[in-house]
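I have placed the structure first, in the form of structure tokens, so that the comments after it can refer back to it.
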Amino acid sequence: MSKKIKHLEFIQGVVNRLSQNSFLLKGWSVLLVSALLALVGSRGSEKDLLMLVPYVPAVAFWGLDAYFLWQERLYRALYDHVRGLDENEIDFAMDVSIVDGQVVEWWRVIFSKPLLA
């Protein structure tokens, strides 16, 4: 097996793990926010102030999901970079800083279509 194919498999493995982490994060987000909403809904008079509590983990999970999507985009850009290298240039580096300028910043990913939909 060529060095290039092996390196691309390593990068694809990272992309797969990041995608799986994002999927699991969304599941935990739905579970936690739903549980908090149910708990707040069962309260009496102080319900109005407690309705803000579920927004805290929702925003935190939104930021984490954006981080995973940003990292996934960085590794996809690294994949494209490695794909264009010659066989003798393969060094199995997993450093995404060489493609950092090709992907939008983390805070812009927060407002991207996949996370807003």
Side-chain angles (χ1 to χ4, degrees):
M1 182 176 290
S2 73
K3 289 182 357 180
K4 183 189 278 192
I5 291 174
K6 195 63 175 170
H7 193 188
L8 291 173
E9 287 176 358
F10 288 159
I11 297 169
Q12 185 61 46
V14 172
V15 170
N16 290 341
R17 283 191 302 276
L18 287 167
S19 177
Q20 184 179 5
N21 286 345
S22 179
F23 178 76
L24 290 172
L25 186 74
K26 288 175 184 171
W28 278 103
S29 174
V30 168
L31 179 70
L32 182 62
V33 171
S34 298
L36 286 173
L37 284 171
L39 183 66
V40 168
S42 68
R43 293 291 183 175
S45 61
E46 69 270 1
K47 183 165 58 172
D48 294 337
L49 184 59
L50 287 177
M51 282 302 289
L52 299 176
V53 172
Y55 288 105
V56 174
V59 170
F61 280 123
W62 182 24
L64 280 171
D65 196 21
Y67 176 76
F68 284 129
L69 182 59
W70 175 63
Q71 287 290 310
E72 185 178 331
R73 289 179 179 183
L74 284 171
Y75 278 98
R76 287 177 190 260
L78 180 64
Y79 187 96
D80 284 339
H81 172 76
V82 170
R83 191 174 48 85
L85 294 176
D86 288 332
E87 184 75 23
N88 58 354
E89 294 176 310
I90 301 297
D91 61 356
F92 294 97
M94 300 292 280
D95 183 17
V96 294
S97 65
I98 59 175
V99 294
D100 196 25
Q102 299 175 13
V103 176
V104 297
E105 296 88 4
W106 170 80
W107 62 271
R108 288 185 183 214
V109 176
I110 291 174
F111 300 106
S112 63
K113 280 186 180 181
L115 294 183
L116 292 178

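Rounded to the nearest 0.5 Å, atoms CG (Leu78) and CD1 (Ile98) are 5.5 Å apart. With values rounded to the nearest 0.5 angstrom, Leu24 atom CG is found 11.0 Å from Lys26 atom NZ. Separating the CD1 atom in Ile5 from the CD atom in Glu87 is a distance of 8.0 Å, to the nearest 0.5 Å. Separation of atoms OG (Ser34) and CG (Leu39) is listed at 12.5 Å; rounding is to 0.5 Å. Rounding to the nearest 0.5 angstrom, the gap separating the CD1 atom in Ile110 from the CG atom in Leu64 is 10.0 Å.
Across Lys3 and Ile90, no two heavy atoms sit closer than the pair NZ-O, 3.6 Å. The minimum heavy-atom distance between Ala66 and Val109, with the atom names listed, is O-CG1, 3.6 Å. Summarising the geometry of Ser97 relative to Asp95, their closest heavy-atom pair is OG-OD2, 2.7 Å, with the distance given to 0.1 Å. In terms of heavy atoms, Pro57 sits closest to Leu32 at CB-CD2, 3.6 Å.
Remark: side-chain polar atoms of Lys4 are paired, donor with acceptor, to backbone N or O of Arg83 under 3.5 angstrom. Under the 3.5 Å distance criterion, the side-chain polar atoms of Glu89 are matched with a main-chain donor or acceptor of Asp86. Trp70 places a side-chain N or O within donor-acceptor distance of the main-chain N or O of Val104, the cut-off being under 3.5 Å. Looking only at distances, a side-chain donor or acceptor of Asp91 sits under 3.5 Å from a matching main-chain atom of Ala93.
With a 4.5 Å cut-off on side-chain heavy atoms, Val15 and Tyr79 do not count as touching. The shortest side-chain heavy-atom distance between Asp80 and Arg76 does not fall under the 4.5 Å cut-off.
Ring orientation note: the planes of His7 and Phe92 are tilted relative to one another, at an angle of 30° to 60°.
Legend: residues meeting ring pair (Phe, Tyr, Trp, His ring centres under 6.0 Å) with Trp28, ordered by chain and number and at least two apart, are absent.
The local environment of OH in Tyr67 is sparse, with at most 12 non-hydrogen atoms from other residues, nucleotides or ligands closer than 6.0 Å.
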Practice task
Begin with the C-alpha distance, continue with both residues' side-chain angles, and end with the deciding distance and a verdict on side-chain hydrogen bond (donor to acceptor under 3.5 Å, both in side chains) for Asn16 and Gln20.
Solution key: CA-CA 6 Å; Asn16 290 341; Gln20 184 179 5; over 6 Å; no
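Linking ILVMFWY side-chain heavy atoms closer than 4.5 Å, directly or via other members, places Trp106 and Val59 in two distinct hydrophobic clusters. When hydrophobic clusters are built by joining Ile, Leu, Val, Met, Phe, Trp and Tyr residues whose side-chain heavy atoms come closer than 4.5 Å, directly or via intermediates, Leu85 is grouped together with Val96. The same ILVMFWY cluster, assembled from side-chain heavy atoms under 4.5 Å apart, contains both Phe10 and Tyr75. Hydrophobic clustering (side-chain heavy atoms under 4.5 Å, transitive across Ile, Leu, Val, Met, Phe, Trp, Tyr) keeps Leu31 apart from Phe23. A continuous path of ILVMFWY side-chain contacts below 4.5 Å connects Val53 to Val33, so both sit in one hydrophobic cluster.
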